[in-house]
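Below is one structure; the comments refer to it alone.
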There are 2 protein chains.
Amino acid sequence: MAVSKAEIERRMERMAQTCRDGRLKLTHQRMEVFRELAGTEDHPDAETIYQHVRRRVPAISRDTIYRTLATLEEQGLIHKAEILSSRGRYDANMDHHHHFICTVCGRVHDFYSRTLDDLPIPRSVASFGRVESAQVQLRGICTSCAKTKE
Amino acid sequence: MAVSKAEIERRMERMAQTCRDGRLKLTHQRMEVFRELAGTEDHPDAETIYQHVRRRVPAISRDTIYRTLATLEEQGLIHKAEILSSRGRYDANMDHHHHFICTVCGRVHDFYSRTLDDLPIPRSVASFGRVESAQVQLRGICTSCAKTKE
DNA sequence: TTCCTGAATCGGAATGATTCTTGTTTAGAG
DNA sequence: CTCTAAACAAGAATCATTCCGATTCAGGAA
């Protein structure tokens, strides 16, 4: 909970504005889910958010948590990290490579780049721990999905 | 299936050697699961691998697929992509940032870097599709896990 | 302010991926 | 060839997530 009160308020205000713009109702539940995220730097998962928000909104359901997180993400108010889909993807290519992930079909393409293999890691990262690997993830729309879209 | 016969054989040989070194049995099932991955660039998920291997080994069980994939990953023979855990992680920090992920406890730390925000994307990626975002993922062991480890 | 309606919520059941359990098979050391 | 720990099969169990039918409520209109 290192996020300042002022920053939380700023985020809440932006969220309220985005909801009004998108004709989304400013429900109590929606605001409390967002407030929970606005006040933390922990990258919590849905269950953790549920447990915390429940203290303030005892009757809230898990379904609301999941639905709300998806909505907030669609609106660009929050980020969903790490996950492409919930399924693990495997790969026998052990050469150092990076990924292009199509956000529509989920397909993954490998690519190579000497420059990207040797990224300048900021010194500040050392305080988190010892870095063992680095990988670049690009997201976008693959050519075949782009075609079928029009 | 763009992987050459020779490359598949090379990978199979390495896998056999790694198994011998690690005193892992070279079972029919284990070899077929690895062969499936060695021959593709598709990043299939467990279910897809199961469906394919089943054609050659009809009695194989899903459990074996999952167990084998985990074993092969431990041995450094395959990669598991995209996934930290199977749970989505959320984040209200919409400033462009990157992640340090502890492979032991799964904790995620944000970090910032102007240089990393503006990565040189290889031209070849353009053939996959239009890139919309780029993010760096660092993996390693965080200081607190490193401490409790000794 | 009150009324109305579609959006949002609730609670529990359903789904789908993954893991566990129990009994059986088998690779490979001796 | 024998023996045994490792690996496997089958299906049950678990866990995250989504769906569904019934209910509530935000916020625009009167």
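Convention: sequence-line order gives letters A, B, ...; per-chain numbering from 1.
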Can a salt bridge be assigned to the pair A:R67 and A:E74 using a cut-off of 4.0 Å between side-chain N and carboxylate O?
no

From C-beta outward on A:R62, which listed nucleotide comes closest to its side chain: D:dT17, D:dA7, D:dA9?
D:dT17

Between D:dA7 (C1') and B:R23 (CZ): distance, integer Å
17 Å

Is any side-chain heavy atom of B:H99 closer than 4.5 Å to a side-chain heavy atom of B:V136?
no

From the candidates C:dA8, D:dA9, C:dT18, the one with an atom nearest any side-chain atom of A:T27 is C:dA8

If you only use heavy atoms from C-beta on, which nucleotide in C:dA17, D:dG11, C:dC10 is closest to the side chain of B:D63?
D:dG11

Closest to the B:L26 side chain: C:dA8, D:dT17, C:dG28?
C:dG28

For D:dC8 and B:T64 - does any side-chain N or O of the residue sit under 4.0 Å from the phosphate oxygens OP1/OP2?
no

Side chains of B:L26 and B:R30: does their closest heavy-atom pair fall under 4.5 Å?
no

Basic-acidic side-chain contact under 4.0 Å: B:R14, B:E7:
no

Of all the choices, C:dC10, C:dT9, D:dC8, which nucleotide is nearest to the side chain of B:Q29 once you look at every atom?
D:dC8

Base, sugar-phosphate alone, or nothing: which one does A:R67 contact when heavy atoms must sit under 4.0 Å apart?
base

Which of these nucleotides, D:dA9, D:dA26, D:dC8, is closest to any side-chain atom of A:K25?
D:dA26

